[in-house]
Amino acid sequence: MSYKVVHYINQFFANIGGEEMAHVAPELRDGAVGPGTALNAQWKGEAEIVKTIVCGDSYFAEHEKEAKEQVIAWVKAEKPDFFIAGPAFNAGRYGYACANVAIAVQELGIPVLTGMYVENPGADYKDKVMIVSTRDSAAGMRQAAPTMAKLAMKIMKGEKIGASVEEGYMNMGVRVNMFEEERGAKRAVDMLINKLNDKPFVTEYPMPSFDRVAPNKAVKDLSKATIALCTSGGIVPKGNPDHIESSSASHYGEYSIAGVQALDEAGWETAHGGYDPIYANANPNRVLPVDVLRDMEKEGLIGKLHDKFYTTVGNGTAVASAKKFAAEYAQKLVADGVDAVIMTST
Amino acid sequence: MVKEIERAGLPVVHMCTVTPISMTVGANRIVPTIAIPHPLGNPALDAAEEKKLRRGLVEKALKALTTEVEDQTIFED
C-alpha cells in the first residue's frame, strides 16, 4: 500500500486562472493536479496524491482563518500520511499561504513540507516548517519536484533527515551534533587563509541578521507637515512611460501630481502584474489616495501633499532592488523637505 | 522599502492588506486595508461611500504618523 498524500496548490497551478481568479475559495479535487503529477511521478507508486486542495491566493490572504479551517477539515477527513504545499517559487501570497497551511496541518501531527524561493515572504516561517529552497520562478519546477519528492519520501519512511544543505531545505535553526575530521583551530585558520586570499569559504556559524530600523519620532503638527505618497502597487501615468516591469521591477518611477486633484482612469493606471488590475485602473485612488489627501490639504488637516510620488511594482521584485530604490528616493524626499510618508501596498 | 524610508529619518506608515507580510518586511507603523487589488477602496460601494471609506483609512494612517511607537504596531482602530 502506498502512502497517502494531500497536496495544496493555488488557482494558477490548478489551471483555473491568474490574478483575475485569485479570489476563488478553496476547492477539493480527487487525485493529483498540475505540479502534483510531477511529485507522483517521482514517487513511482510508493506514495500518491489522493486529494488536491486548490485555493485562490487573494482568497487565502483575505480570509486566512476560513481558508485554514476548510483545509484542516478536508485534511482531517482524509487522514493522509503526508501533506505538501506548493512549491510557491517567488509568488508572495502563495508562499505565505503554503507556509501557513503547512503549519496548521503540522499541528494535527501530520508531517508536512513546502517549497519556495528564499526571498518569498512565506520563507520567514522556515524555522516553524520545513521549506525546500527553490528557484524564483516556476521554471525551477524541474529541480524542485525531485528534491521535494525525495525529502518527503524520507520523512514518510521515517528515515534520518540530513542537514539542510544536503537535503535542500532552508536552515530551520536546529543544531545537530556531528564529528568533524579536522579540529576547530585548523578549520578556523583555513577559513581565515581563504578569506585573506579572497577565496570562497563557508562559515560554520552564520551571525543572525536583525535588520530592523527603529521607528522615527511621530509627526508633531500635521497641519504644518508635508506628506508624501509612495507605493509598491505600480500606479503610473497612463501608458507606463518609464516601462516599469509588471514583475521583477528593475527601477522605480518619480511622477508629479502637482495640481492633480484626484487620479483618474484617463491619466493613470497600474503596471503591476501581480493582482487583478481592473479596480486600480478604474479608480487609481484605490491604491494611491491622492483624492482624499488633496481634500485634507484644502481643509488644512495636513500642511501639504508632496507634489511628487514614488512608485514601483512589488511583484517578485528582489529585496535588494526594492532596498536600493527606496534608499535612493528616500534621500530625495528628505532633500525636498518631506516630513512623513504613506506607503501603500497591494 | 518602508525600512529604507525609516532609515533615512522619515516616519512612514505602511497601508496594506496582508499585515503579516508588512511585519516581516519591518514596517513600524501599519494600517490594515480592504483588499489586495483595492487596498483603499471597495468597488461594491457607490463613489461617495467609497471615498468616505478611503478617507477613514487615510485618517487612520495620519493618526499612526502622529502616534509615537516603540516597536512594530498595527493600528487596528
Side-chain angles (χ1 to χ4, degrees), chain A residues 19 22 57-58 61-62 92-93 96 121 124 211-220 222 225 227-228 230 232-233 275-280 282-283 285-289 291-293 295-296 301-302 312 314 322-327 329-331 333-334 338-346, chain B residues 1-45 47 50-73:
Chain A
E19 286 305 328
D57 287 336
S58 289
E62 291 166 7
R93 279 163 300 152
Y96 175 79
D124 228 52
D211 187 22
R212 286 281 180 246
V213 181
N216 286 309
K217 284 260 173 277
V219 176
K220 289 272 177 308
L222 271 181
I227 308 291
C230 296
S232 65
Y275 65 90
D276 188 345
I278 57 168
Y279 310 107
N283 181 358
N285 301 287
R286 287 169 175 158
V287 175
L288 201 73
D291 57 351
V292 298
L293 279 160
D295 290 347
M296 291 172 161
L301 285 173
I302 61 166
T312 193
K323 201 174 144 91
K324 196 183 87 191
F325 302 162
Y329 67 66
Q331 293 309 319
L333 292 168
V334 171
V338 165
D339 296 298
V341 175
I342 296 176
M343 169 78 73
T344 66
S345 288
T346 46
Chain B
M1 293 200 285
V2 282
K3 221 158 48 184
E4 294 312 308
I5 294 169
E6 196 92 67
R7 211 190 299 277
L10 297 174
V12 51
V13 56
H14 192 203
M15 304 189 75
C16 67
T17 303
V18 192
T19 53
I21 293 185
S22 183
M23 293 293 284
T24 69
V25 301
N28 289 318
R29 293 177 170 91
I30 301 167
V31 169
T33 53
I34 307 298
I36 290 160
H38 44 83
L40 287 127
N42 182 353
L45 302 175
E50 190 183 9
K51 195 168 170 190
K52 210 156 85 187
L53 170 82
R54 176 154 56 249
R55 166 106 182 197
L57 288 165
V58 172
E59 280 172 356
K60 216 189 271 186
L62 292 173
K63 194 176 150 233
L65 285 173
T66 54
T67 306
E68 299 291 357
V69 298
E70 297 204 337
D71 207 349
Q72 294 189 289
T73 308

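A note on names: the letters A, B, ... follow the listed sequences, proteins ahead of strands, and every chain is numbered from 1. Computed over heavy atoms, backbone and side chain alike; hydrogens, waters and symmetry mates excluded.
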Engineer: Any idea which of Val219(A), Val338(A), Val334(A) has the most non-hydrogen atom pairs under 4.5 angstrom with chain B?
Structural biologist: Val219(A)
Engineer: Is the NZ atom of Lys63(B) crowded by more than 12 outside heavy atoms at less than 6.0 Å?
Structural biologist: no
Engineer: Roughly how far apart are Asn285(A) CG and Leu40(B) CG, rounded to 0.5 Å?
Structural biologist: 9.5 Å
Engineer: Measuring heavy-atom distances to chain B, does Ala214(A) have an atom under 4.5 Å in its side chain, in its backbone, in both, or in neither?
Structural biologist: backbone
Engineer: Which pair of non-hydrogen atoms, one from Arg55(B) and one from Leu301(A), has the smallest distance, and what is that distance?
Structural biologist: NH2-CD1, 3.1 Å
Engineer: Okay, side chain of Glu68(B), backbone of Lys217(A): is any donor-acceptor separation there less than 3.5 Å?
Structural biologist: no
Engineer: Identify which of His38(B), Arg29(B), Lys51(B), Arg54(B) forms the greatest number of heavy-atom pairs closer than 4.5 Å to chain A.
Structural biologist: Arg54(B)
Engineer: Return the option, out of Lys220(A), Arg93(A), Gln331(A), Met296(A), with the maximum number of heavy-atom pairs under 4.5 Å with chain B.
Structural biologist: Met296(A)
Engineer: To the closest 0.5 Å, what do you measure between OG1 (Thr73(B)) and CE (Met23(B))?
Structural biologist: 8.0 Å
Engineer: Nearest 0.5 Å, please: how far is CD1 in Ile21(B) from OG in Ser345(A)?
Structural biologist: 9.5 Å
Engineer: Rounded to the nearest 0.5 Å, what separates atom CG in Asp291(A) from atom CZ in Arg286(A)?
Structural biologist: 10.5 Å
Engineer: Looking at Tyr275(A) and Glu19(A), what are the two nearest heavy atoms and their distance?
Structural biologist: CA-OE1, 3.3 Å
Engineer: Just so I know, are the side chains of Met343(A) and Ser22(B) near enough to count as touching, which here means a heavy-atom distance under 4.5 Å?
Structural biologist: no
Engineer: Between Ala225(A), Ala61(A), Pro121(A), which residue shows the highest count of heavy-atom pairs closer than 4.5 Å to chain B?
Structural biologist: Pro121(A)
Engineer: Among the options Ala64(B), Pro20(B), Ala61(B), pick out the one with the most heavy-atom pairs lying under 4.5 Å from chain A.
Structural biologist: Pro20(B)
Engineer: Taking every heavy-atom pair that is under 4.5 Å apart, which of Leu62(B), Thr67(B), Val18(B), Asp71(B) has the most such pairs with chain A?
Structural biologist: Leu62(B)
Engineer: Val31(B) versus chain A, heavy atoms under 4.5 Å apart: side chain, backbone, both or neither?
Structural biologist: neither
Engineer: Using only atom types and a distance under 3.5 Å, with no angle test, would you say the side chain of Glu6(B) pairs donor to acceptor with the backbone of Pro215(A)?
Structural biologist: no
Engineer: Please classify the contact of Glu70(B) with chain A as side chain, backbone, both or neither, using a heavy-atom distance under 4.5 Å.
Structural biologist: backbone
Engineer: Heavy-atom cut-off 4.5 Å, strictly under: side chain, backbone, both or neither for Val69(B) against chain A?
Structural biologist: both
Engineer: Under a 4.5 Å heavy-atom cutoff, which of Asp57(A), Asp276(A), Leu222(A) has the most pairs with chain B?
Structural biologist: Leu222(A)
Engineer: With only heavy atoms counted, which part of Ser232(A) is less than 4.5 Å from chain B, the side chain, the backbone, both or neither?
Structural biologist: both
Engineer: Is it the backbone or the side chain of Thr24(B) that comes under 4.5 Å from a heavy atom of chain A, or both, or neither?
Structural biologist: both
Engineer: Starting at CZ of Arg7(B), measure out to CD of Glu4(B) and round the result to the nearest 0.5 Å.
Structural biologist: 4.0 Å
Engineer: Could you have a look at Pro39(B), Gly26(B), Cys16(B), Ala8(B) and say which one has the most heavy-atom pairs with chain A under 4.5 angstrom?
Structural biologist: Pro39(B)
Engineer: Of all of Thr33(B), Ile5(B), Val2(B), which one pairs up most often with chain A through heavy atoms under 4.5 Å apart?
Structural biologist: Ile5(B)
Engineer: Using non-hydrogen atoms only, which part of Leu293(A) is less than 4.5 Å away from chain B: side chain, backbone, both, or neither?
Structural biologist: side chain
Engineer: Counting heavy-atom pairs under 4.5 Å with chain B, which one of Leu288(A), Asp295(A), Thr312(A) comes out on top?
Structural biologist: Asp295(A)
Engineer: Does any pair with a residue in residues 10-31 of chain B pass ring pair (Phe, Tyr, Trp, His ring centres under 6.0 Å), and if so which ones, sequence neighbours excluded?
Structural biologist: none
Engineer: Could you tell me which of Val12(B), Thr17(B), Ile36(B) has the largest number of non-hydrogen atom pairs under 4.5 Å with chain A?
Structural biologist: Ile36(B)
Engineer: Which atoms of Asp339(A) are under 4.5 Å from chain B, going by heavy atoms: the side chain, the backbone, both sets, or neither?
Structural biologist: backbone
